Amino acid sequence: MNRRNFLLGTVAVVGLGGWYMTANRSASTAGFADAPLPGAANAQTTDGDVDTSTIEEMVLGNPDSTVEIIEYASFTCSHCASFHAGPYKQLKAEYIDTGKIKFVYREVFFDRFGLWASMIARCAGADKFFGMADLIYAGQSEWTRAGEPAAIIEELRKIGRLAGMDNDTIEACLQDGEKAKTLVAWYQENAEADEINSTPSFIINGKKHSNMSYADMKEIIDEELAG
């Protein structure tokens, strides 16, 4: 059981495309007004410890592979969307679907909108999570620019409905304040442990790498597989 204290609010944005964490800053979103989560899911702070063991790791590929890649990404990060639109598809076809590697996806929350998206994606269940992630990234330029927070939430609801979820299920997920707090604590716990300071970042067999071309990633993977 992993337990820790946490505070949501250690994020800032640097540059036009990169998202970076820095201490003692309030949560903000590039291009959007900050806004609370709908209903009970206004996960900001907690006075006690948060048990993060309930958060399920999202995994594809061969769990017994000698090569493990952990991707840290934010659903509101444009570079992450670009990675999932291109290199990730190649990675999945060549290494994940063929059982050569174990792939783990971990969300990073730099803003509430990314947290909302994560809650919607996880609401679909582990079997549908990666399909939901694909839809969220593919529509990123639309839903993140929908306007007011209520409009952004409605666009995410549409993605959920497109994936086959009913309205009651979607609302129950968005209202789950405890799940939101736990997700934030889980993200901070992992990000601190792996010293994540930008997205997308990759931990390949324990070594951190920043965003890279697929050719560079392939070279690293092949070296690890040759071991």
Side-chain angles (χ1 to χ4, degrees), residues 1-2 4 6 10-11 18-21 50-111 114-115 117-119 121-122 124-134 136-137 140 179 182-227:
M1 180 180 294
N2 299 316
R4 69 189 299 275
F6 81 95
T10 59
V11 301
W19 294 78
Y20 296 88
M21 291 183 294
V50 177
D51 177 10
T52 61
S53 67
T54 58
I55 300 301
E56 182 176 4
E57 289 275 26
M58 295 302 169
V59 181
L60 290 176
N62 179 7
D64 298 319
S65 174
T66 59
V67 177
E68 178 186 72
I69 297 179
I70 303 173
E71 178 191 2
Y72 282 91
S74 166
F75 283 123
T76 56
C77 159
S78 61
H79 287 310
C80 301
S82 295
F83 172 76
H84 278 263
Y88 170 74
K89 295 184 184 301
Q90 295 173 279
L91 178 71
K92 188 172 185 297
E94 189 168 357
Y95 292 100
I96 299 174
D97 291 346
T98 56
K100 293 180 180 179
I101 68 169
K102 175 184 178 181
F103 179 82
V104 181
Y105 180 91
R106 290 180 179 171
E107 301 99 298
V108 170
F109 305 126
F110 291 136
D111 50 75
L115 178 57
S118 176
M119 292 174 75
R122 285 178 172 269
D127 291 344
K128 294 184 178 180
F129 175 84
F130 285 96
M132 283 291 296
D134 287 343
I136 290 169
Y137 277 126
Q140 185 192 85
K179 180 65 170 290
T182 306
L183 279 169
V184 173
W186 172 80
Y187 136 64
Q188 291 187 327
E189 184 175 85
N190 288 327
E192 290 169 11
D194 286 332
E195 299 181 347
I196 301 302
N197 52 26
S198 66
T199 59
S201 287
F202 306 92
I203 306 297
I204 304 177
N205 277 3
K207 184 177 180 181
K208 185 176 72 171
H209 301 268
S210 59
N211 195 17
M212 67 184 86
S213 68
Y214 179 68
D216 289 341
M217 180 176 284
K218 177 179 171 62
E219 181 177 352
I220 294 170
I221 295 171
D222 287 342
E223 288 178 358
E224 293 293 333
L225 285 171

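The first residue in the sequence is number 1, and the count goes up from there. Please read all numbers here as calculations on a predicted model, not as lab measurements.
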Worksheet item: Within a reach of under 6.0 Å around NZ of Lys128, are more than 12 heavy atoms found that belong to other residues, nucleotides or ligands?
Response: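 At most 12 heavy atoms, drawn from other residues, nucleotides or ligands, come within 6.0 Å of this atom.
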Fill in: CA sep, side-chain torsions, deciding dist, call: Glu56, Trp186, side chain to side chain contact (heavy atoms under 4.5 Å, CB included)
CA-CA 10 Å; Glu56 182 176 4; Trp186 172 80; over 6 Å; no
Item to complete: Output all residues satisfying ring pair (Phe, Tyr, Trp, His ring centres under 6.0 Å) with Tyr72, sequence neighbours left out; order by chain, then residue number.
Response: none
Worksheet item: With Phe83, which residues qualify under ring pair (Phe, Tyr, Trp, His ring centres under 6.0 Å), at least two apart?
Response: Phe202
Hey, are the side chains of [X] and [Y] touching, using non-hydrogen atoms and a 4.5 Å cut-off?
X	Y	answer
Tyr95	Met217	no
Phe110	Thr199	yes
Glu107	Phe75	yes
His84	Glu71	yes
Lys208	Ile196	yes
Val104	Met58	no
Phe130	Tyr88	yes
Leu183	Met119	yes

Can you name the closest pair of heavy atoms from [X] and [Y] and give their distance?
X	Y	answer
Tyr137	Ala81	CD2-CA, 3.6 Å
Ala93	Thr98	O-CG2, 3.5 Å
Phe109	Ser118	CE2-CB, 3.4 Å
Gly114	Thr76	N-CG2, 3.7 Å
Glu94	Lys100	O-CD, 3.6 Å
Tyr214	Pro87	CD1-O, 3.7 Å

Quick one: [atom1] on [X] to [atom2] on [Y], what's the gap to the nearest 0.5 Å?
X	Y	atom1	atom2	value
Tyr105	Ile70	OH	CD1	13.5 Å
Gln188	Asn190	CD	CG	10.5 Å
Ile55	Lys179	CD1	NZ	5.0 Å
Ile69	His209	CD1	NE2	9.0 Å
Asn205	Ser65	CG	OG	7.5 Å
Ile136	Cys80	CD1	SG	12.5 Å

Worksheet item: Looking at Asn62, Ile96, Thr66, Leu60, which one forms a side-chain contact (heavy atoms from CB on, under 4.5 Å) with Ile101?
Response: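 Result for side-chain contact (heavy atoms from CB on, under 4.5 Å) with Ile101: Ile96.
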Discussion item. Using a 6.0 Å distance limit plus a 45 degree cone around the ring axis, check whether Arg122 lies over the aromatic ring of Phe129.
Written reply: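 Yes - Arg122 lies over the ring of Phe129, closer than 6.0 Å to its centre and within 45° of its axis.
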